[in-house]
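One-based numbering, in listed order, for ligands and for the atoms of each. The residues of the chain are indexed from 1 along the displayed sequence.
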Amino acid sequence: MERTYIMVKPDGVERGLVGEIIKRFEAKGYQLTALELMHPTKEHLEEHYCDLKSKSFFPGLIQYMLSGPVVGMVWTGKEAVKTGRKLLGETNPLASLPGSIRGDFAIDVGRNICHGSDTPENAEKEIALWFPRGIKTAKRDKSIDTLI
Ligand code: RTP
């Protein structure tokens, strides 16, 4: 089963959208595998976004991500990475269709509510970065999967 790292960014937490985001992943059929409210350091965020270091928006991105707590989550299930990003919508909320989280709740790329891993390899790296003590995965009752 594939895992993805989904993070509610500070604007999503401040606007009270954590429950809405969890609801959408649960309704789709994904299993919540880990969840934590965190106050990441600048260094931690620079590591998470290390691929974007050369971008002009990088300092603003880090400042935005430091503006409040984030909620880190791991979701598990079939094609969790690709489908997780579909549930979130496009990076630029204005390009996101209504029905996606960013399409329904955001208009600004610099305040786009949530993060989702872009590949299964990056998902595992991000899960290791954000949940360094590891995750205990409860075995899910097989009868639930047949209902989804
Ligand atoms: P994320 O990692 O947050 O899920 O976003 P993503 O893969 O869809 O997009 P990425 O290119 O990795 O950008 C990471 C975050 O940087 C902010 N951003 N600002 N032009 C801009 O001002 C700009 N472009 C990107 C967004 O918060 C984006 O989610």
What atoms in ligand 1 come closer than 4.0 Å to a heavy atom of [X]?
{"X": "Tyr49", "result": "2 (O), 3 (O), 14 (C)"}
{"X": "Asn112", "result": "26 (C), 27 (O), 28 (C), 29 (O)"}
{"X": "Gly116", "result": "4 (O)"}

Fill in: Candidate with minimal heavy-atom separation from atom 5 (O) of ligand 1, of Glu126, Arg102, Glu90
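Selected option, by shortest heavy-atom distance: Arg102.
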Worksheet entry | Heavy atom of Gly110, distance to ligand 1 below 4.0 Å |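 Contact absent.
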Practice prompt. Check whether any heavy atom of His48 sits under 4.0 Å from an atom of ligand 1.
Written response: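 The answer is no, since His48 has no heavy atom less than 4.0 Å from ligand 1.
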What protein heavy atom is closest to [atom], reported as residue, atom name and distance in Å?
{"atom": "atom 6 (P) of ligand 1", "result": "Thr91 OG1, 3.4 Å"}
{"atom": "atom 11 (O) of ligand 1", "result": "Leu52 CD2, 4.2 Å"}
{"atom": "atom 15 (C) of ligand 1", "result": "Leu61 CD1, 3.9 Å"}
{"atom": "atom 18 (N) of ligand 1", "result": "Phe57 CE1, 3.5 Å"}
{"atom": "atom 4 (O) of ligand 1", "result": "His115 ND1, 3.0 Å"}
{"atom": "atom 7 (O) of ligand 1", "result": "Arg85 NH1, 3.2 Å"}
{"atom": "atom 3 (O) of ligand 1", "result": "Lys9 NZ, 2.8 Å"}

Using 4.0 Å as the upper bound for N to carboxylate O, is an ion pair formed by [Y] and [X]?
{"X": "Lys23", "Y": "Glu20", "value": "yes"}
{"X": "Lys125", "Y": "Glu121", "value": "no"}
{"X": "Glu2", "Y": "Lys78", "value": "no"}
{"X": "Asp118", "Y": "Lys82", "value": "no"}

Discussion item. How close do Arg85 and Ser117 get, counting heavy atoms only, and between which atoms?
Written reply: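 That closest heavy-atom pairing would be CD-O, 3.0 Å.
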Worksheet entry | Pairwise distance OG(Ser67) to CD1(Ile62) - rounded to 0.5 angstrom |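 Ser67 atom OG to Ile62 atom CD1 measures 11.5 Å (nearest 0.5 Å).
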Item to complete: For the residue pair Phe25 and Tyr30, categorise the inter-ring angle as parallel (less than 30°), tilted (30 to 60°) or perpendicular (more than 60°).
Response: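 Tilted, since the angle between the ring planes falls between 30° and 60°.
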Worksheet item: Can you say whether the rings of His48 and Tyr5 are parallel (under 30°), tilted (30 to 60°) or perpendicular (over 60°)?
Response: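 Correct class here is perpendicular.
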Item to complete: State, yes or no, whether a side-chain contact exists between Met65 and Met7 at a heavy-atom distance under 4.5 Å.
Response: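 Yes. Closest side-chain heavy atoms under 4.5 Å.
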Discussion item. With nothing but distance in play, are any N or O atoms of Tyr64 less than 3.5 Å from an N or O of ligand 1?
Written reply: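 No; every N/O pair is 3.5 Å or more apart.
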Practice prompt. Give yes or no for whether the N/O distance cutoff of 3.5 Å, strictly under, is met between Val109 and ligand 1.
Written response: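 By distance alone, the answer is yes.
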Worksheet entry | Same apolar cluster: Tyr49 and Val71, side chain cutoff 4.5 Å |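 Unlinked, Tyr49 and Val71 end up in two clusters.
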